[in-house]
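See below for the structure under consideration.
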Amino acid sequence: MALLKRYGIYTFITGFFLYFLYSLSFPYQDPNAPHRDGEPQRPNRPPPPPQKIYEWSKVPIHYPIKSMTPLPTNAPLPLPRIQFNFTKEEANAKQIRESRRDEVRKAFLKCWRNYRKKAWMHDELQPIAGGSKDPFGGWAASLIDAMDTLWIMGFKEEFTSAIPDIEKVNFGSSTLERVNVFETNIRHLGGLLAAYELSQEKRLLAKAKEVGEMLYHAFDTPNHMPITRWDFHRAGAGEKLVADESALLAEVGSLTMEFTRLSQLTNDPKWYDAVSRVTKMLDQQQSLTKLPGMWPIVVNARKPDFAKDTGFSLGAMADSTYEYFAKSYALLGGQVPVYKKLYDDSMRTALKHTIYRPMTPDNSDVLMAGFVRVDEGQANLNPEMQHLVCYAGGMFALGGKIFQDAEHVKIGRKLTDGCVWAYKSSQSGIMPEVSHLLPCSAVNSTNCEWDEKVWLEEVAKRANVGGKEEDPLRNIANLRLPKGFTAIDDRRYILRPEAIESVFIMYRITGEQQWQAAAWDMFTAIQRASETDLGNAALSDVSAEKPPKDDSMESFWMAETLKYFYLIFSEPNLISLDDYVFNTEAHPFKIPKPKST
Ligand code: DMJ
């Protein structure tokens, strides 16, 4: 009660809701976890026996499409140049770059070999105990996710010899009752498509099609909106299903690139048609939300209503929906203008309401993207900093290049700088999963001088130690907060890629070597803290000098994080941003080119 009185009931409720959101922000770890508040109640019937094997292309469709949206047929438009015009590098710089690249390659090979030895065909290797985990249906997530990295790093033999085993992965059966459609789409479908793009190995495209046939059934609902946590066995048994009433924006809106590319590569428009329907909804409701331009994190896909909720962010649970607008525009050869409109309008709103300049002890001119709650028409910024939102720097920079908006490239730079700053400030050299900063008044605020007193007050407030007789400084020592951070809400680092992803994009766009230097600092810090005998392990507290380890190595470590580290130290024409767009799991898809180029 005293707590309620001191901070007011509003703060308490907001805090509780944010905690609830954070608890949702890691759906990647256990996609089969029990469903959350607001989820539709499922009928209380036992599921059909899980051993059943379904042939998805033969499972009947209940709600067939009467009129398919075709892929655009006009020739792709030439896109503006994205990458910096790199010239020949000096011998010394080349030598340093290559030795760093080789270190990354070595780290990857160690993880790959031990995955192969100890967890082959399972989703993940346990990098400490040497066991395995299957949080993604038991469909060899690490193997499929890492295939294009193998190719890019030049491990062609490993790549080729893995294909027969990939062919054996059975998407007709699953260890899970509910499949996370988003994760399967970005990791399995995205991984197979990119591995095919690079190698032209037809068996991989056939496998991608198999995944596509399966996921297509998640769109077999009365309104054709996807089910995001999909009852695999009920669908396989031919039951009619409906879309979720509470779904995460990212999980509804981030199927566009993979489904589009699958249609382009197979000449079958059905996948493109499926995602076009989601795009249409986003377009129709973009101006109707409580923060017009953006959509809330939780949407009702059953109605469908993407406008009701009040929490907005570029970060967890929404992220890749925004990331995919400019990328889908490029992937469709600039032929589908709605993606530019979705990008422009959402970024305008994001810039106005979610992006802030934090106060830092060295007065760095950096930016961060926070969370906004709209209350009675008022947008209130919660100045959080998520590792997940670090992709946003790359998104703005790339969007700025594709749509020729120099201001967006500048924003992208500052957002990326914000994440580099966060890595540098942390005790272990690695940014934590979720923390809070102190915002200055406006994005372009010039008046953002470091004020230790204001910072201490905010730390005390957030740590709930603001009593008169207490000394916030003493408590700060206990809180292990780098200056500028006002709270660390989640001290983990789970081998995520978003910061190096943006650093990589900034490097390829600007050609500035400072990004390679930042990348090397990040890589060495991560290696130092996370390396195990078998691979690399997630960390439970990056604010410790020697962070304790968790026995987990998510598939995105080999698929994304190490790929971006490798690419930033490679020749810039290796997977050039003028030739490829990366899906949100770092799988490169070829950009269609006009005939003359
Ligand atoms: C990855 O699966 C993807 O990058 C996704 O968009 C966000 N989460 C993880 C990495 O952090």
Side-chain angles (χ1 to χ4, degrees), residues 21-22 24-31 123-124 133 135-137 139 141-149 179-194 228 248-258 297 313-328 369 385-395 398 419 422-423 430-434 490 492-505 522 526 530 536-539 542 550 552-565 567 581-589:
L21 281 182
Y22 290 146
L24 296 187
S25 62
F26 316 112
Y28 315 108
Q29 288 185 311
D30 184 3
D123 288 338
E124 290 170 12
K133 286 196 222 169
F136 296 106
W139 296 326
S142 289
L143 159 55
I144 291 176
D145 226 3
M147 282 294 278
D148 56 356
T149 313
V179 165
N180 185 320
V181 168
F182 164 82
E183 296 292 354
T184 312
N185 172 63
I186 65 169
R187 301 189 198 217
H188 295 91
L189 180 53
L192 288 165
L193 286 171
T228 54
L248 300 178
L249 180 63
E251 296 188 0
V252 175
S254 317
L255 303 149
T256 325
M257 289 182 68
E258 298 77 4
I297 286 172
S313 163
L314 290 179
M317 299 169 285
D319 43 17
S320 34
T321 290
Y322 297 103
E323 179 192 343
Y324 274 15
F325 295 147
K327 290 181 172 183
S328 297
M385 172 169 75
Q386 302 173 355
H387 195 290
L388 276 165
V389 94
C390 283
Y391 83 97
M395 172 181 66
L398 195 65
C419 294
Y423 266 72
I430 307 167
M431 176 184 176
E433 180 79 0
V434 183
D490 183 343
R492 294 175 307 151
Y493 169 67
I494 63 166
L495 306 174
R496 287 198 191 279
E498 293 77 15
I500 181 58
E501 171 184 342
S502 287
V503 168
F504 159 72
I505 291 173
M522 288 160 70
I526 294 170
S530 71
N536 293 76
L539 305 171
V542 295
D550 288 332
S552 160
M553 187 176 89
E554 285 241 23
S555 69
F556 51 66
W557 168 246
M558 284 193 283
E560 290 194 75
T561 315
L562 288 175
K563 186 187 286 146
Y564 286 128
F565 275 124
L567 285 175
V581 272
F582 289 88
N583 88 335
T584 193
E585 189 76 3
H587 297 306
F589 298 165

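Quick caveat, the model's predicted, so the values are computed rather than measured. Atoms within a ligand are numbered from 1 in the order they appear, just like the ligands themselves.
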By number and element, which atoms of ligand 1 are closer than 4.0 Å to a non-hydrogen atom of [X]?
X      : answer
Leu388 : 7 (C), 8 (N), 11 (O)
Pro497 : 10 (C), 11 (O)
Arg187 : 2 (O)
Glu560 : 1 (C), 2 (O), 3 (C), 4 (O), 10 (C)

Could you point out which residue of Glu554, Glu501, Glu433 forms a side chain to side chain donor-acceptor pair (under 3.5 Å) with Arg496?
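The residue from Glu554, Glu501, Glu433 that satisfies side chain to side chain donor-acceptor pair (under 3.5 Å) with Arg496 turns out to be Glu433.
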One residue to check: Ile494. Relative to ligand 1, which of side chain, backbone, both or neither has a non-hydrogen atom less than 4.0 Å away?
neither
Taking atom 10 (C) of ligand 1 as the point of reference, which of Glu498, Glu554, Glu585 owns the nearest heavy atom?
Glu498
Report the member of Tyr391, Tyr324, Phe556 with the shortest heavy-atom distance to atom 9 (C) of ligand 1.
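Comparing heavy atoms across Tyr391, Tyr324, Phe556, the nearest one to atom 9 (C) of ligand 1 lies in Phe556.
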Ring of Phe136, cation from Arg187 - is the NZ or CZ under 6.0 Å from the centre and inside 45° of the axis?
yes
Are any of the N/O atoms on Glu183, whether in the backbone or the side chain, positioned under 3.5 angstrom from an N/O atom of ligand 1?
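No, no N or O pair falls under 3.5 Å.
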Answer with yes or no whether Glu323 contacts ligand 1, where contact means a heavy atom under 4.0 Å from a ligand atom.
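For ligand 1, residue contact (heavy atoms, under 4.0 Å) with Glu323 is absent.
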Spacing of Met558 atom CE and Asp148 atom CG [to the nearest 0.5 Å]:
11.5 Å
Any chance you could measure Thr184, atom OG1, to Ile144, atom CD1, to the nearest 0.5 Å?
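So the gap between those two atoms works out to 10.0 Å.
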Please work out whether the ring planes of His188 and Trp139 are parallel, tilted or perpendicular, with thresholds of 30° and 60°.
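Ring orientation, 0 to 90° scale: perpendicular.
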